[in-house]
Amino acid sequence: MSDSTGALYLPGDPGFAEAVHGRIFNGRRPSDRSPAAVLYAATQDDVVAGVRLAAQRGWQVAVRSGGHSWAAWSVRSGSLLIDLGGLREMSYDPATGIATAAPAITGGDELNPYLSRFGRFFGGGHCPSVGLGGFLLQGGQGWNARGWGWAAEQVAALDIVTADGELVRADAENNTDLYWAARGSGPGFCGVVTRFHLRTRPLPGHLAHTVHIYPLARFDEVMTWLHGMHHTVPDSVEIVALTRTVPEYAEPVLLVTGLAFTDNPEQAAAALAPLHANPFASRALSRKESAPTTFAEQMQDQRLANPRGHRYFVDNCWLSGSAGDVVPAMRAAFTTLPTRDSFTIWFSMAPLRPLPDDMAFSLQSEIYCAAYVVSDDAARDAELRGWLGGAMAAMRPVTVGQYLGDSDFTVRRLPFLGDAQWGRLRRVTAERDPLGRFAGYLSSGPVTNSNE
């Protein structure tokens, strides 16, 4: 592999350690596994050559796009880690509204600023530094997923290097098995995506947000109210409740937020009005209602909440049940945060829309909950992992599954696809990658898509 294209690093080479860990977002780096080699790919041809090299040497292949996986899925012992950070392509076709982007391109920091020049938008990850590759392969819970659907639904086509080292196009007419599997199987996908072809939407004309801040003592009453009404809010509004520490207050607080994606202020005010009717609003510590905002402001808030290089422990669950069951089960995750930088989110997907049959992603419920434990103290790792495990265990009776994007199968495995889709994925993988060239899911045991 020549220096003019990709760069191959072997153990002992200068730069090998940096190649393994340098682009991992989580400061808690894996120390118990190391790849056989790392390939920095600069072109699609490098990826083809890398997969063929792995076959010659008997290595499995693992892939890194943006480096945001909390569990560092890409670092696999005995594998060739193909790092796609050098693929930097972006383009937009005004005639079709289709954008193309390489997997390591970030949705917030790169793709959407580029698309805004054309008055277009793509619902990438909330944290602006999340790469498109892992995000889309896992389904893509992006901006206003409640109203616009999963980002993977907007993937029109993909360019993929197969286990045989061939570059193919997958879409609704060609290589439909790969097109189906790529949208939802996450790191279990049996190929390397080198380019996404994405359907874009018009850039919203007006953004406005509502933020009510409550003391944690109000958690039960406020969340019980939200649980009972969030499905009535127009689907132009993204609804998130979260507990975090904000600069205005010394202790963690509960924020109930709505972000409206509309054409004008009048539409935004009408869409957000149901959230303003909270019967406990008069007891809020502060209220901001239908205030104009921008994507730049929203992205900056996400950057501050998700600082790079800190030590993260993250877990998640899809929740289902009555408020009387769900709210008490969530209480510990929201009201006992173990560090000042930690936060827990409640994300509305109600009312649920049917998912398309032509993508693997297939498990969701009306409420998504995820806890993010953030620390700089390695000495607290065991304690913090224990807190997270306890918070998730409390929600187990109302948990129906998990989302791959915030999961770590080395700690906990829950269903992440429908049963039929899991069976189909296993068949596609067996046909497309019979020798197990791709490393698949990083797990402490067999991945069975069941409760364990």
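All values derive from a computational prediction rather than experimental measurement.
- A distance-only check finds no donor-acceptor pair linking the side chain of Thr410 to the backbone of Ser443 [under 3.5 Å].
- Under 4.0 Å is where a charged nitrogen must lie from a carboxylate oxygen, and between Glu366 and Arg146 no such pair does.
- Contact check for Val314 versus Asp408: no side-chain heavy atoms found under the 4.5 Å cut-off.
- With ring centers used as reference points, Phe121 lies under 6.0 Å from Phe295.
- Residue Ala145 comes nearest to Met349 through the heavy atom pair O-CE, 3.8 Å, listed as atom of the first residue, atom of the second, then distance.
- Atom NE2 in His230 sits 11.0 Å away from atom CG in Leu275 (nearest 0.5 Å).
- Within the model, atoms OG1 of Thr162 and CG of Asn175 stand 8.5 Å from one another, a figure rounded to the nearest 0.5 Å.
- Distance alone, capped at 3.5 Å, places no donor-acceptor pair between the Arg412 side chain and the Phe409 backbone.
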Applying side-chain contact (heavy atoms from CB on, under 4.5 Å) to Val237 and Leu272, what does each step give before you reach the verdict? CA-CA 7 Å; Val237 177; Leu272 290 165; 3.8 Å; yes
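- The cationic atom of Arg183 (NZ for Lys, CZ for Arg) lies less than 6.0 Å from the six-membered ring centre of Tyr179 and within 45° of the ring axis.
- Using a 30° and 60° split on the angle between ring planes, Trp150 and Phe361 fall in the tilted class, from 30° to 60°.
- In this structure, Gly186 and Gln138 approach most closely via the heavy-atom pair CA-CG, 3.6 Å.
- A donor-acceptor pair shorter than 3.5 Å cannot be found between the side chains of His209 and Thr257.
- Atoms OG1 and CG, from Thr106 and Leu132 in turn, are 7.5 Å apart once rounded to the nearest 0.5 Å.
- Residue Ile24 comes nearest to Ala72 through the heavy atom pair CD1-CB, 4.1 Å, listed as atom of the first residue, atom of the second, then distance.
- Remark: Asp357 CG is loosely packed, at most 12 non-hydrogen atoms of other residues, nucleotides or ligands lying under 6.0 Å away.
- Thr294 contributes a side-chain N or O that, together with a main-chain N or O of Glu297, makes up a donor-acceptor pair within less than 3.5 Å.
- Applying the salt bridge (Lys or Arg N to Asp or Glu O under 4.0 Å) rule to pairs touching residues 236-263 yields Arg244-Asp301, sequence neighbours excluded.
- Annotation: Phe343 is in aromatic contact with Tyr372 [ring centroid separation under 6.0 Å].
- Ser375 and Arg28 are not linked by any side-chain donor-acceptor pair at a separation below 3.5 angstrom, with hydrogens and angles left out of the test.
- At least one side-chain heavy atom of Trp387 sits under 4.5 Å from a side-chain heavy atom of Leu337.
- His21 places a side-chain N or O within 3.5 Å of a backbone atom of Pro30 that can act as its donor or acceptor partner.
- Distance check: Ile345 CD1 to Cys369 SG gives 7.5 Å after rounding to the nearest 0.5 Å.
- For the pair Asp171 and Thr176, the tightest heavy-atom approach, listed with the atom from each and the gap, is O-CG2, 3.6 Å.
- The main-chain N or O of Leu417 is found under 3.5 Å from a side-chain atom of Asn449 such that the two form a donor-acceptor pair.
- Residues Trp59 and Leu80 share a closest heavy-atom pair of CE3-CB, 3.7 Å.
- Of the options Leu84, Val161, Val192, Thr194, a side-chain contact (heavy atoms from CB on, under 4.5 Å) to Gln44 is made by Thr194 and by none of the others.
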side-chain contact (heavy atoms from CB on, under 4.5 Å) evaluation trace for His212 with Val222: CA-CA 10 Å; His212 288 189; Val222 171; over 6 Å; no
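- With rounding to the nearest 0.5 angstrom, the CG atom of Asp341 is 8.0 Å from the OH atom of Tyr312.
- Counting heavy atoms from C-beta outward, Arg201 and Phe122 have side chains that stay 4.5 Å or more apart.
- Put simply, the side chain of Asp46 gets close to the backbone of Ala42: a donor and an acceptor are under 3.5 Å apart.
- Gln298 and Trp143 share no donor-acceptor pair across their side chains, judged by distance under 3.5 Å alone.
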Derivation of the side-chain contact (heavy atoms from CB on, under 4.5 Å) call for His197 and Asp159: CA-CA 8 Å; His197 303 257; Asp159 296 343; 3.4 Å; yes
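- Across all non-hydrogen atoms, the minimal contact from Ala152 to Met359 is CB-SD, 4.2 Å.
- Taking the side chain as every heavy atom from C-beta outward, Leu158 and Leu178 never approach each other to under 4.5 Å.
- Of the possible donor and acceptor atoms, none in the side chain of Thr293 sits under 3.5 Å from a partner among the backbone N and O of Leu207.
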Hey, mind stepping through His227 and Ile367 against side-chain contact (heavy atoms from CB on, under 4.5 Å) and telling me if it holds? CA-CA 9 Å; His227 184 102; Ile367 300 170; 3.5 Å; yes
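- Distance alone, capped at 3.5 Å, places no donor-acceptor pair between the Ser342 side chain and the Pro338 backbone.
- Ile82 is listed as a side-chain neighbour of Val51, based on a closest heavy-atom distance under 4.5 Å.
- With a 4.5 Å cut-off on side-chain heavy atoms, Phe118 and Thr200 do not count as touching.
- In this structure, the separation between CD1 on Ile98 and CZ on Arg120 is 9.0 Å, given to the nearest 0.5 Å.
- Listed for the Tyr214 side chain is no donor-acceptor partner under 3.5 Å among the backbone atoms of Val256.
- Under the side-chain hydrogen bond (donor to acceptor under 3.5 Å, both in side chains) criterion, the residue pairs touching residues 68-89 are Arg23-Asp83, Arg64-Ser74, Arg64-Asp83, His68-Ser129, Ser69-Trp73, Trp70-Asp406, Arg88-Glu110, Glu89-Thr100, Glu89-Arg195, with sequence neighbours excluded.
- For the residue pair Asn264/His206, the side-chain donor-acceptor check at 3.5 Å is not satisfied.
- The side-chain heavy atoms of Phe416 and Val447, taken from C-beta on, include a pair separated by under 4.5 Å.
- Outside the 6.0 Å centre-distance limit, the rings of Phe334 and Trp346 are not counted as a close aromatic pair.
- Leu136 places a side-chain heavy atom less than 4.5 Å from the side chain of Leu198.
- Proximity of a side-chain donor or acceptor of Ser362 to a complementary backbone N or O of Gln421 within less than 3.5 Å is not detected.
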